[in-house]
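Below: one structure, written as structure tokens.
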Amino acid sequence: MEGLDEEMERDPTVCVMGEDVGHYGGSYKVTKGLATKYGDLRVLDTPIAENSFTGMGVGAAMTGLRPVVEGMNMGFLLLAYNQISNNCGMLHYTSGGQFKIPIVIRGPGGVGRQLGAEHSQRLESYFQSIPGIQMVACSTPYNAKGLMKAAIRSENPVVLFEHVLLYNLKERIPDEEYVLSLEEAEMVRPGEHVTILTYSRMRYHVMQAAKTLVNKGYDPEVIDIRSLKPFDLHTIGNSIKKTHRVLIVEECMRTGGIGASLRAAIIDNFWDYLDGPIMCLSSQDVPTPYAGTLEDWTVVQPAQIVAAVEQLCK
Amino acid sequence: MASSSLLRRAISSAPSSSLLRPMSARLFSSDETVLSIETSVPYTGHKIEPPSRIVETSPKELLSFFRDMALMRRMEIAADSLYKAKLIRGFCHLYDGQEAVAVGMEAAITKADGIITAYRDHCLFLGRGGTLVEAFAELMGRKAGCSNGKGGSMHFYKKDARFYGGHGIVGAQVPLGCGVAFAQKYNKEGAVTFALYGDGAANQGQLFEALNISALWDLPAILVCENNHYGMGTAEWRAAKSPSYYKRGDYVPGLKVDGMDALAVKQACKFAKEHALANGPIILEMDTYRYHGHSMSDPGSTYRTRDEISGIRQERDPLERIRKLILAHDITPASELKDIEKEIRKHVDDAIAQAKECPMPDESELFTNVYVKGYGVESFGPDRKEIRATLP
């Protein structure tokens, strides 16, 4: 939220569009206070019309404005898939470079607390094939601010994946201005035995599992990949060259998820450095059920991560 | 003002020869005496008082209409032959019959106003100042095309003239157009955006969504339905419960216009621009017709009779209407008009010859313009091994 505010102050072409972002302050309070500060023309409450207001965001971006389009829940952006894929991603290419689309599309996704199947979606797997867009996933207040600023400043369309359960995190962040790189992964915990690649909320499950693993004598290296498209193969590669074992922990579905693409990329590039197959823990290929216990079983839990590492390191 | 000199631009891109110079003087008139002409079909308004049927024009403007429409007509017919010769591939949607909309609109607005349309975009591109060579080169997939050969028939753009394309997915351009109008309001430009769509697209939900938002936020957006009465093979009465497209905005005023009359179109667009700047969106329905099928793969005769097509050609053809007006007002003799058409034919042929010589894009172009390189960071796909990331 700070990131949005700072960028809006710095650059008058930045505007925000979304449902209830203005007067209501945003359904997760991300845009709280911005409407009073910047006015109704820069913080726009839209009607419930994702397809068209995403399209309008793209149209505005074609002229040089830098809109930040919020999907109240990432799942709602499926209604705008045509605009995101065909117009947002492709216009720079099909116009021969004439139009730039410096738009940021953001919103909370992921499995929350019993929100039901339609409100617990992970769209990163659907968007990852769209040529022309960049995807980043934030996981901490520090990287959320930095990535938001970077996404706004980028000339390319960026889809910023936030997570419903991570909005209440508190962290001390620097006072000075900082902007993070969109294509860089974050080294969370350096180690020697195994490379664990993760992003968004699963990072916390991995870190929980890491505590258990350390007690058991393992030394996992945890990397928050952050950049979902393109992957930061430099950081990932260096890690694999060191540990030779890879575990991917993601909240995406197993079929066609980020983990699937990441596995392929690692095999293509770092086959010689692997001591064994790449393990991938992902969510089950089911719609997210409402019941709490069932919901817990759809996503990866720390105990499973510990078991997977133990198996990898056998 | 703003009578487009398409031919002047088209000539400047063709090789100059001394033969052209004495003839070109004849092609342009500077006679600006005001002629008041009544349109043959009155306007019908929805929740708005329609403008007057009397349109002011001049011999200069009428001649420029004739030139520009003849050029557009010739270009589309030439594209037809090129497609059959397999030099143009994929989809090719031709605009002949609808030229009056493009030409009339340009006469009413400036290049500060925006235009966005769907895939039947060749003539609108020309109207916005695109050259014949750029158009043919793009159609043939050459590097010199307006989108460097990477867009094709459905993706013509001209950013400096605020022509936003060129879109393949039916109806998706309307929210984009409203977004451009939003930006114009945001930047206080005092300009409007015309978002064109067809009778087929008029049933898209996103259109009504965008209209609602535009009306709520008072955006200077003008939605123009180019009603050629067929959404590919489906007649309008089979697709829309209410084919009165100018009325479907409900709370948004609308105007029905004879889209085969360039003067009527010009008056309507001028009226719409004034309205949009003061009061927000308005819908224009252009009653027009396309002679070709939906695209080159559609013969255009399975869902309509040849008699209908030839009937419209005889009674409502936009080019013939202007020709009759020019002759009725003794602006130039008929033989001169025929010579103009011959000139235009030659220019089009020259442009095609020039475009044929243009090279195809280089292999490396496959990967250019996927992302914008900026912000001091380079991005690579997941199959590249190295990444350099530097912050500014």
Side-chain angles (χ1 to χ4, degrees), chain A residues 13 15 41-42 44 46-47 49-65 67 82-83 86-87 91-102 131-132 134 150 153-156 179-184 227 229-235 237 261-262 264-265 268-269, chain B residues 114 116 145-152 155 157-159 162 164-169 172-187 205-207 209-210 212-213 216-217 368-375 377-392:
Chain A
T13 63
C15 58
L41 199 59
R42 287 190 74 192
L44 302 140
T46 60
E50 286 81 5
N51 197 0
S52 55
F53 70 68
T54 310
M56 286 178 70
V58 175
M62 283 168 91
T63 67
L65 283 192
N82 172 55
Q83 295 291 354
N86 288 329
N87 292 332
L91 270 172
H92 187 62
Y93 192 85
T94 55
S95 67
Q98 283 182 67
F99 292 107
K100 294 192 285 206
I101 318 286
Q134 271 188 267
R153 292 192 200 188
S154 169
E155 300 289 347
N156 292 304
V179 185
L180 292 174
S181 165
L182 288 173
E183 290 91 0
E184 233 181 320
S227 173
K229 183 181 167 88
F231 294 128
D232 179 4
L233 290 178
H234 185 69
T235 310
S261 304
L262 191 48
D268 279 344
N269 292 291
Chain B
I116 191 169
C146 51
S147 299
N148 298 341
K150 303 208 300 207
H155 300 285
Y157 304 91
K158 195 163 168 60
K159 185 175 182 187
R162 290 194 182 64
Y164 294 95
H167 295 275
I169 304 294
Q173 75 275 10
V174 177
L176 287 187
C178 294
V180 176
F182 170 73
Q184 287 174 324
K185 178 167 177 161
Y186 192 95
N187 292 326
Q206 51 189 323
L207 213 126
E209 292 179 16
N212 178 39
I213 299 181
L216 261 178
W217 294 348
T368 57
N369 301 131
V370 181
Y371 293 108
V372 179
K373 297 256 162 81
Y375 186 56
V377 181
E378 303 212 4
S379 40
F380 297 85
D383 57 344
R384 303 281 199 104
K385 293 187 167 72
E386 232 179 62
I387 247 180
R388 278 195 308 281
T390 52
L391 294 174

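Below, chain A is the first sequence line, B the second, and so on; all start at residue 1.
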Practice item. Could you tell me which portion of A:Leu41 (side chain, backbone, both or neither) has an atom closer than 4.5 angstrom to a non-hydrogen atom of chain B? Key: both

Point to revise | A:Leu44 side, atom CG; B:Ile213 side, atom CD1 - distance, nearest 0.5 Å | key: 9.5 Å

Exercise for review: Give the minimum heavy-atom separation between A:Thr63 and B:Ala183, together with the two atoms involved.
Suggested key: OG1-CB, 3.0 Å

Check your understanding: Which residue out of A:Gly97, A:Pro102, A:Ser95 racks up the most heavy-atom pairs below 4.5 Å with chain B?
Key -> A:Ser95

Review point. Should B:Pro175 and A:Gln83 count as side-chain neighbours, where that means a heavy-atom distance under 4.5 Å?
Key: yes

Check your understanding: Based on non-hydrogen pairs under 4.5 Å, which of B:Thr368, B:Val180, B:Asn148 is most in contact with chain A?
Key -> B:Val180

Practice item. Would you check if A:Asn156 and B:Val370 make a side-chain contact, meaning some heavy-atom pair closer than 4.5 Å? Key: no

Review point. Among B:Ala172, B:Ala181, B:Ala210, which has the most heavy-atom pairs under 4.5 Å with chain A?
Key: B:Ala172

Study note, to complete from the structure: Sorted by chain and residue number, the salt bridge (charged side-chain N to carboxylate O under 4.0 Å, His left out) partners of B:Lys185 (sequence neighbours excluded) come out as none

Revision key, fill the gap. Rounded to the nearest 0.5 angstrom, the CZ-SG distance for B:Phe182 and A:Cys15 is 4.5 Å

Point to revise | Neighbour count >12 (heavy atoms, 6.0 Å) for atom NZ, A:Lys100 | key: no

Review point. Is there a donor-acceptor pair under 3.5 Å between the side chain of B:Ser147 and the backbone N or O of A:Thr94?
Key: yes

**Study point:** Within-4.5 Å side-chain heavy-atom neighbours: A:Leu91 and B:Leu176
**Key:** yes

Point to revise | Check: A:Gln134 and B:Tyr371 side chains under 4.5 Å, non-hydrogen atoms | key: yes

Exercise for review: Give, as side chain, backbone, both or neither, the part of A:Asn51 having an atom under 4.5 angstrom from any heavy atom of chain B.
Suggested key: both

Review point. What distance separates A:Asn82 CG from B:Gln206 CD, expressed to the nearest 0.5 Å?
Key: 6.0 Å

**Study point:** Segment of B:Ile116 engaging chain A (4.5 angstrom heavy-atom cut-off)
**Key:** neither

Review point. B:Lys159: what forms a side chain to side chain contact (heavy atoms under 4.5 Å, CB included) with it, not counting sequence neighbours?
Key: A:Gln98, A:Phe99

Review point. Any side-chain heavy-atom pair from B:Tyr186 and A:Arg42 closer than 4.5 angstrom?
Key: yes

Point to revise | Under 3.5 Å: donor-acceptor pair, side chain of B:Asn369, backbone of A:Tyr93 | key: no

Review point. What residue in B:Cys178, B:Gly168, B:Gly165 has the most heavy-atom pairs under 4.5 Å with chain A?
Key: B:Cys178

**Study point:** Most chain B-contacting option - heavy-atom pairs closer than 4.5 Å, from A:Gly96, A:Ala60, A:Gly57
**Key:** A:Gly96

